[in-house]
Amino acid sequence: MKVRTRIAPSPTGDPHVGTAYMALFNWVFARQHEGEFILRIEDTDQARSTTASEQAIFTALQWLGLDWDEGPDVEGAKGPYRQSERKELYLQHVQTLLDKNHAFYCFCSKERLDTVRAEQQAAKQTTRYDGHCANLSAEEVQARLAAGEEHVVRMRVPETGDCTFRDRLRGEITIPYSQIDMQVLLKADGMPTYHLAVVVDDHHMDITHILRGEEWLNSVPKHQLLYSYFDWPMPELIHLPLLRNTDQSKLSKRKNPTSVTYYRDQGFLPEALCNYLGLMGWSMPNEQELFSLQEMINAFDVDRISTSGPIFDQDKLKWMNGQYLRGLDADTYAAKVSAWMFNEERLAALIPLVQQRAERLSDLVPLIDYLVGARRPLDPDDFEHKKLERAQVVKVLHHTLAMFDRKREWLRDDLYASCNQLAEQCDMKLRDFLFPLFIAISGREVSLPLFDSLVFLGADLSRGRLRDALEVLNVSGKERKRLDKAVEQLHFSD
RNA sequence: GUCCCCUUCGUCUAGAGGCCUAGGACUCCGGGUUUUCAUCCCGGCAACAGGGGUUCGAAACCCCUAGGGGACGCCA
C-alpha cells in the first residue's frame with residue numbers, strides 16, 4: 001500500500017513552527033517511502049479561519065521546501081482539500097452514525113453545559129457531558145427538530161471498559177472510557193468538529209500514517225471509536241513530542257517567536273530551519289548534525305524519534321544558520337541578502353515611511369536600522385522620562401504586551417486604536433504612554449512612526465522586544481503577578 | 001482534580017544489558033591563528049531525577065516515588 005501522510009493545519013493566525021515541524025516529519029516520511037504528502041486545510045472553525053492565514057501557510061511551507069502532492073491548490077483525486085468544502089460528506093456520515101444509534105441529538109444550552117461542568121469541577125470529577133439528551137425518545141427528538149430547536153450531534157461512548165490502542169513510538173496505551181466525553185460531532189452551525197472531520201477525511205483520503213503532536217494522544221479513543229462505528233481500518237499512529245518553550249511548556253507565541261514568517265524575516269535560511277527542526281526529537285544514526293532534506297530522507301528512521309519534548313532553542317538555531325550562511329559561495333550569499341532585505345515587498349513597506357524624512361539616500365540607513373537589524377541593547381536608564389515613574393513605564397510595557405498577546409491580527413489602525421484605549425484606561429496621555437513603547441521597539445525616543453514599525457516588524461518581533469524591555473527593567477515576579485491581575489480588569493476590544 | 005505521556009550535561013542529543021572512566025553538538029569559560037572583530041583550531045566546566053528490584057553485570061529491563069508536560073471546548 002502506498003504511504004500517504006498529511007499535514008492538516010487550521011488557517012487561524014500566523015503559520016506556526018509547530019506546524020512546520022509536523023509537516024517536515026510527515027513530508028520526510030512520505031518521501032522516504034515514495035509515498036504522497038497531502039495538505040488539508042481544517043477550516044471548520046468559521047469564526048476564526050481566514051484565507052489570509054491559509055495563504056500564509058502555503059507560502060511558509062513552500063518557503064521551507066516542503067511540497068505537497070495534493071492540496072487546495074493542487075487538486076488530486078481525493079479532494080476537495082478544504083474541510084469547509086466537504087460539508088456534505090460529513091453530514092452523510094453523521095446520518096450514518098445517527099441511524100446506527102452511535103450518535104444522538106443534543107439540545108442542551110451553553111448555559112446548562114457550563115453549569116454541569118462547574119459542578120463536576122467542584123466535585124473534582126473529570127468534566128464531561130452528563131448524557132442529558134442521550135436517551136430522548138424518537139418522538140421528542142422529532143418534535144424538537146421540527147420546532148427548529150438549535151441542536152448538535154454527539155457521539156455515544158461506552159460507559160465502562162477501557163480503550164486500548166497502539167502508538168508506533170510508545171507501544172500500547174490504555175485509557176478508560178470513563179474519561180472520554182460524548183464528543184460533539186456536528187456543531188450547531190452545521191459544521192463538523194475536528195474529531196469527526198479528521199476521521200472522515202483521513203479515511204477518505206487514504207491516509208496510512210498519522211504523524212501529529214502528542215497533544216492528540218488523549219483523543220485517540222474518540223477517533224478509534226469512530227473508526228469502529230464506520231467499520232474502517234485505523235491508520236498507523238505516530239505521536240511526535242511537542243516543541244517547548246524554555247520553561248518546558250508547549251511552544252507558544254506568548255513566550256517565543258512562533259511564526260515561520262518571523263524566522264524568514266529575521267534572515268534564517270529555510271534549509272537551516274528545516275535542519276534544526278529535524279534535530280528536534282530525531283538524530284542521524286551517525287550523529288551528523290548538519291544535513292539537507294535529501295540526506296534526512298535517506299537516513300530517516302521513524303522508530304528513532306524520541307518521545308521527550310525538546311526545547312526550541314534559539315541559540316543553536318542561530319549557530320546552525322550561521323553554518324549554512326558561511327557555507328554559501330559569495331554570489332549565492334549576495335543573492336540571499338538581496339532577496340531577504342531588498343525585495344520589492346519589504347522595500348515597498350518602508351518607502352512611504354522614509355522618503356519624506358530623508359535629504360540624501362544615505363539617510364535611509366540610520367532611519368531603518370532598528371527595523372532591518374536588531375534594536376540596540378537597552379539599559380534601565382533609557383526609560384527615564386520627565387513625567388513617568390518607573391512603575392508607569394512597566395505598566396505600559398506590560399499591559400501593551402498583554403494586549404499584543406491577544407491579537408489574532410496585526411493591523412496598524414487596530415493596534416493604534418487599542419493603544420489609545422489602553423492609554424485612556426491607564427489615565428495617561430497617549431504621548432506619554434507611547435514613550436516606553438518607542439524605547440522598547442526602536443531603542444530611541446524618536447523614530448519612524450510606532451505603529452508602522454510594529455507592523456513592519458511583525459507580531460513576534462514586536463512582542464519579543466517588549467518582553468526584552470521588561471526584562472531590562474528587572475520586573476519582579478510579584479510585580480508581574482500584580483500586573484497580570486490588573487490586566488484582567490481591563491477591557492480589550494478585539 | 002482526573003486521565004494520558006515523558007525523565008542522560010543549562011539546551012539538542014548518542015546510548016537497543018558488559019565497548020560508559022557516559023560520547024558529540026550548542027551555550028559559557030580558557031588558549032591559539034588573525035591588523036580589530038567574526039570565522040577557524042585546541043582545551044575546559046557540565047548529566048544517567050530518587051528509591052527499590054531483575055541480573056554475574058544496568059543509563060539501558062520491571063515496580064514505586066518525585067518532577068515536568070499534555071488533555072479534559074459547539075478550537076484545532
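Labels below follow one simple rule: chain letters A, B, ... track the order of the sequence lines, proteins then strands, and each chain is numbered from 1. All values reported here derive from a predicted model rather than from experimental measurement.
When distances run from any side-chain atom of A:Lys187 to the nucleotides B:A76, B:G24, B:A71, the shortest one goes to B:A76. Out of B:U13, B:G70, B:C3, the shortest distance to the side chain of A:Ser306 is found at B:U13. Here B:C6 is the nucleotide among B:C6, B:A76, B:C12 with the atom lying nearest to any side-chain atom of A:Arg170. Taking the side chain of A:Arg117 as heavy atoms from C-beta on, and the options B:C74, B:U13, B:C26, the nearest nucleotide is B:C74. Here the nucleotide nearest the side chain of A:Leu279, chosen from B:C4, B:C12, B:G70, is B:C12. Comparing atom distances between the A:Arg48 side chain and each of B:C75, B:A76, B:U11 picks out B:C75 as nearest. With B:A76, B:U2, B:G73 as the choices, the nucleotide that has an atom nearest any side-chain atom of A:Ser10 turns out to be B:A76. Among B:C6, B:C12, B:G24, the nucleotide with an atom closest to any side-chain atom of A:Glu287 is B:G24. Checking B:G70, B:G69, B:U13 against the side-chain heavy atoms of A:Arg244 singles out B:G69 as nearest. Nearest nucleotide to the side chain of A:Ser308, out of B:G23, B:U8, B:U11: B:U8.
Distance check on atom P: B:C64 versus B:C5 gives 12 Å, rounded to whole Å. Separating the P atom of B:C3 from that of B:U21 is a span of 41 Å, rounded to the nearest Å. Remark: the separation of the C1' atoms in B:C45 and B:G52 is 33 Å, to the nearest Å. The same atom, P, is picked in B:G44 and in B:G23; the two are 11 Å apart, to the nearest Å. B:G67 and B:A49 are spaced 7 Å apart, taking the C1' atom of each and rounding to whole Å. Using C1' as the reference atom, B:C20 and B:A58 are 11 Å apart when rounded to the nearest Å. Distance noted for atom C1' between B:G10 and B:A47: 10 Å (whole Å). Nucleotides B:G73 and B:G18, compared at atom P, are 46 Å apart to the nearest Å.
Between the P atom of B:C74 and the CD atom of A:Gln183 lies a distance of 6 Å, rounded to the nearest Å. Remark: P of B:U2 and CG of A:Asp181 are 18 Å apart, rounded to the nearest angstrom. In this structure, the CG atom of A:Asp315 is 15 Å from the P atom of B:U13, given to the nearest Å. A:Leu113 places its CG atom 7 Å from the P atom of B:C74, with the value rounded to the nearest Å. For the pair A:Gln248 CD and B:U7 P, the computed distance is 12 Å after rounding to whole Å. With rounding to whole Å, A:Glu214 atom CD is found 18 Å from B:C3 atom P. In this structure, the OH atom of A:Tyr129 is 21 Å from the C1' atom of B:U2, given to the nearest Å. Spacing between atom CD1 of A:Ile175 and atom P of B:A71 amounts to 13 Å, rounded to whole angstrom units.
Contact annotation for A:Glu42: backbone-only contact, meaning every heavy-atom pair under 4.0 Å involves sugar-phosphate atoms and none involves a base. Counting any heavy atom pair closer than 4.0 Å across all strands shown, A:Met280 reaches sugar-phosphate atoms only and no base atom. At a threshold of 4.0 angstrom between heavy atoms, the contacts of A:Cys108 include nucleobase atoms, whether or not backbone atoms are also involved. If you check every strand for non-hydrogen atoms under 4.0 Å, A:Val152 touches a base. Counting non-hydrogen atoms under 4.0 angstrom, A:Ser249 reaches the backbone sugars and phosphates but no base. Within the nucleic acid shown, A:Arg40 has no heavy atom closer than 4.0 Å to any nucleic acid atom. Residue contacts shown for A:Gln120 are absent, as no nucleic acid heavy atom lies under 4.0 Å away. Contact annotation for A:Thr246: no contact, since no heavy-atom pair falls under 4.0 Å across all strands. In this structure, A:Gly281 reaches the sugar-phosphate backbone alone: every heavy-atom distance under 4.0 Å involves primed, P, OP1 or OP2 atoms, never a base.
At most 12 heavy atoms of other shown residues, nucleotides or ligands fall within 6.0 angstrom of atom CD in A:Glu409. Heavy-atom neighbours of A:Lys187 NZ from other residues, nucleotides or ligands within 6.0 Å: above the threshold of 12. Within 6.0 Å of CD on A:Glu172 lie no more than 12 heavy atoms contributed by other residues, nucleotides or ligands.
Residues A:Lys250 and A:Asn245 approach most closely at O-ND2, 3.0 Å, considering heavy atoms. Looking at every heavy atom in both residues, A:Phe165 comes nearest to A:Leu217 through CZ-O, 3.8 Å.
The partner of B:G18 is B:C56, by the rule that a Watson-Crick or G-U pair needs both atom distances under 3.5 Å. Across all strands shown, B:A49 forms a Watson-Crick or G-U wobble pair with B:U65, both key distances being under 3.5 Å. The base-pairing partner of B:A38, taking Watson-Crick or G-U wobble contacts with both distances under 3.5 Å, does not exist among the strands shown. Using Watson-Crick or G-U wobble geometry with both donor-acceptor distances under 3.5 Å, B:C29 finds its partner in B:G43. Pair assignment for B:C3: B:G70, on the basis of Watson-Crick or G-U wobble contacts that are both within less than 3.5 Å.
A close approach under 4.0 Å does occur between a side-chain nitrogen or oxygen of A:Thr127 and OP1 or OP2 of B:G73. Between A:Lys250 and B:C6 there is no side-chain polar atom (N or O) within less than 4.0 angstrom of OP1 or OP2. OP1 or OP2 of B:A76 sits under 4.0 Å from a side-chain N or O of A:Thr44. OP1 or OP2 of B:G73 has not a single side-chain nitrogen or oxygen of A:Gln121 nearer than 4.0 Å. Residue A:Arg128 has no polar side-chain atom (N or O) positioned under 4.0 Å from OP1 or OP2 of B:C3.
Each of A:Arg326 and A:Leu186 was matched to the nucleotide of RNA chain B holding its nearest heavy atom; the match closer to the 5' end belongs to A:Arg326. Between A:His195 and A:Trp319, the residue anchored nearer the 5' end of RNA chain B, judged by the nucleotide with its closest heavy atom, is A:Trp319.
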Q | Criterion side-chain contact (heavy atoms from CB on, under 4.5 Å) on A:Glu139 and A:Arg144, from CA distance to verdict | A | CA-CA 9 Å; A:Glu139 294 72 36; A:Arg144 294 176 78 165; over 6 Å; no
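Using a 4.0 Å cut-off between a side-chain N of Lys or Arg and a carboxylate O of Asp or Glu, A:Arg6 and A:Asp202 qualify as a salt bridge. Note on A:Arg48 versus A:Asp43: no salt bridge recorded, every NZ/NE/NH1/NH2 to OD/OE distance being 4.0 Å or above.
Counting only distance, with no hydrogens or angles, the side chain of A:Arg156 and the backbone of A:Phe104 share no donor-acceptor pair below 3.5 Å.
Figure legend: A:Arg154 and A:Tyr129 shown as a cation-pi pair, the cationic atom lying under 6.0 angstrom from the six-membered ring centre and within 45 degrees of its axis.
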